[in-house]
Amino acid sequence: MAMDYQALIDRVTQAVDHRSYFTPVVHLDPEERAILAVVERAMAADDFDAEATRAFLEEQHRAGRLDQVLLLSALHVVACHPRVGDWAEAARLAGEQELAALELGGPKLDANLASVDRHRGVLAFSRHHYEVALDYLGRALERQRSAENFTNVLAALLRLGEDEEAESLLVQAR
């Protein structure tokens with residue numbers, strides 16, 4: 001059965017146009033994933049309240065359920081939400097997250113730095129700097145191989161008009 005690559009590319013493009021971006025959570029513990037699922041549902045709601053979501057995340061951090069790196073990552077996702085678009089805050093959070101990741105170190109360092117690269121890529125993507133975005137998103141994929149990071153690279157390729165390259169990447173991935 002042949003795969004319809006154009007349909008897959010169309011799904012990626014539509015998803016990118018209607019949500020903030022794809023971020024991997026498989027490496028997180030179940031409690032952290034549950035917290036981020038609450039945030040994802042809140043961001044998808046028609047009555048999304050960014051301030052309430054930020055307050056919820058801060059509360060989870062104070063309670064010890066989210067470390068500093070994950071808190072900053074989640075706050076970045078909120079800042080880059082299509083209805084928020086606080087680019088200066090997103091840039092500030094990416095820098096803070098990088099410092100927090102380096103200070104934390106440990107076995108999650110690559111995943112945490114991949115998150116920083118992904119956030120910087122999303123910021124560039126959101127500001128229509130697709131070549132810069134592709135560079136950061138490619139680094140995120142190198143550090144953390146995940147379907148979400150792969151999808152972000154595809155989205156950047158598509159925005160650059162590199163449909164053949166995106167299709168070739170899909171063929172290789174299959």
Side-chain angles (χ1 to χ4, degrees), residues 1-28 32-33 36-46 48 50 53 69-70 72-98 101 108 110-174:
M1 179 173 144
M3 182 175 215
D4 185 352
Y5 293 110
Q6 189 57 50
L8 183 55
I9 288 171
D10 290 344
R11 277 198 344 246
V12 168
T13 303
Q14 181 182 11
V16 168
D17 286 342
H18 293 95
R19 56 185 287 190
S20 54
Y21 56 98
F22 301 100
T23 184
V25 296
V26 71
H27 66 287
L28 302 176
E32 292 168 331
R33 283 196 303 267
L36 295 182
V38 169
V39 172
E40 185 176 9
R41 285 191 300 275
M43 291 190 331
D46 290 335
F48 170 55
T53 303
V69 175
L70 191 51
L72 293 166
S73 175
L75 290 172
H76 186 278
V77 173
V78 172
C80 284
H81 188 280
R83 287 186 262 161
V84 177
D86 189 346
W87 312 123
E89 177 67 357
R92 185 189 70 75
L93 289 165
E96 278 194 38
Q97 184 188 4
E98 182 173 30
K108 291 184 179 180
D110 273 344
N112 286 337
L113 291 175
S115 178
V116 172
D117 288 334
R118 182 174 45 259
H119 292 320
R120 287 191 169 129
V122 167
L123 181 57
F125 188 98
S126 298
R127 304 304 298 153
H128 309 287
H129 296 280
Y130 303 121
E131 287 184 16
V132 174
L134 182 59
D135 181 52
Y136 280 121
L137 296 170
R139 281 193 246 169
L141 181 60
E142 288 173 6
R143 287 184 192 270
Q144 183 184 36
R145 302 217 180 266
S146 71
E148 295 86 356
N149 285 335
F150 181 76
T151 301
N152 291 330
V153 167
L154 286 177
L157 286 170
L158 293 171
R159 285 295 185 258
L160 286 167
E162 299 289 342
D163 294 17
E164 287 181 24
E165 180 71 21
E167 187 171 332
S168 173
L169 204 55
L170 280 170
V171 170
Q172 289 175 23
R174 185 170 185 223

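We count residues from 1, following the sequence as given. The shown structure was predicted, so the numbers you read here are calculated from the model rather than taken from an experiment. All values below were derived from every heavy atom in this structure, side-chain atoms included, with hydrogens, water molecules and symmetry-related copies excluded.
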Roughly how far apart are L157 CG and N152 CG, rounded to 0.5 Å? 11.0 Å
Using modelled atom types and a 3.5 Å cut-off, is there a donor and acceptor pairing between side-chain atoms of S126 and backbone atoms of V122? yes
Apply the test side chain to side chain contact (heavy atoms under 4.5 Å, CB included) to residues V78 and M43: give CA-CA distance (whole Å), side-chain angles for both, the deciding distance (0.1 Å), then the verdict. CA-CA 8 Å; V78 172; M43 291 190 331; 4.0 Å; yes
Going by salt bridge (charged side-chain N to carboxylate O under 4.0 Å, His left out), name the pairs with one or both residues in residues 119-129, residues two or more places apart or in two chains. E98-R120
If you round to the nearest 0.5 Å, how far is NE2 of H81 from CZ of F48? 5.0 Å
Report the residue from W87, Y136, Y130 that forms a ring pair (Phe, Tyr, Trp, His ring centres under 6.0 Å) with F125. Y130
A90 versus L123, closest heavy-atom pair with distance: CB-CD1, 4.0 Å
Salt bridge (Lys or Arg N to Asp or Glu O under 4.0 Å) with E89: which residues, sequence neighbours excluded? R92
Partner of N149 under side chain to side chain donor-acceptor pair (under 3.5 Å), picked from R143, R139, E142, R118, is R118
Would you name the heavy atoms of L134 and L160 that are closest together and state the gap between them? CD2-CD1, 3.8 Å
Is a side-chain N or O of T151 found less than 3.5 angstrom from the main chain of A147, in a donor-acceptor match? yes
For the residue pair A42 and T53, what are the closest heavy atoms and their distance? CB-OG1, 4.0 Å
Spacing of NE2 belonging to H76 relative to CD belonging to Q97, to within rounding of 0.5 Å: 7.5 Å
Between CG on residue L158 and CD on residue E167, distance to nearest 0.5 Å: 10.5 Å
Worked check of side chain to side chain contact (heavy atoms under 4.5 Å, CB included) between L28 and L36: CA-CA 10 Å; L28 302 176; L36 295 182; 3.5 Å; yes
Quick one: salt bridge (Lys or Arg N to Asp or Glu O under 4.0 Å) partners of D86, sequence neighbours excluded? none
Rounded to the nearest 0.5 Å, how far does CD of E40 lie from CZ of R33? 13.0 Å
Can you name the nearest heavy-atom pair linking A124 to A133, along with the distance? CB-N, 3.7 Å
Separation of E148 CD from L137 CG (nearest 0.5 Å): 13.0 Å
Please determine whether side chain to side chain contact (heavy atoms under 4.5 Å, CB included) holds for the pair E32 and L70, giving the CA-CA distance in whole Å, both sets of side-chain angles, and the decisive distance to 0.1 Å. CA-CA 9 Å; E32 292 168 331; L70 191 51; 3.7 Å; yes
With side chain to side chain contact (heavy atoms under 4.5 Å, CB included) as the test, would you mind laying out the steps for L141 and R145 before giving the verdict? CA-CA 5 Å; L141 181 60; R145 302 217 180 266; 4.2 Å; yes
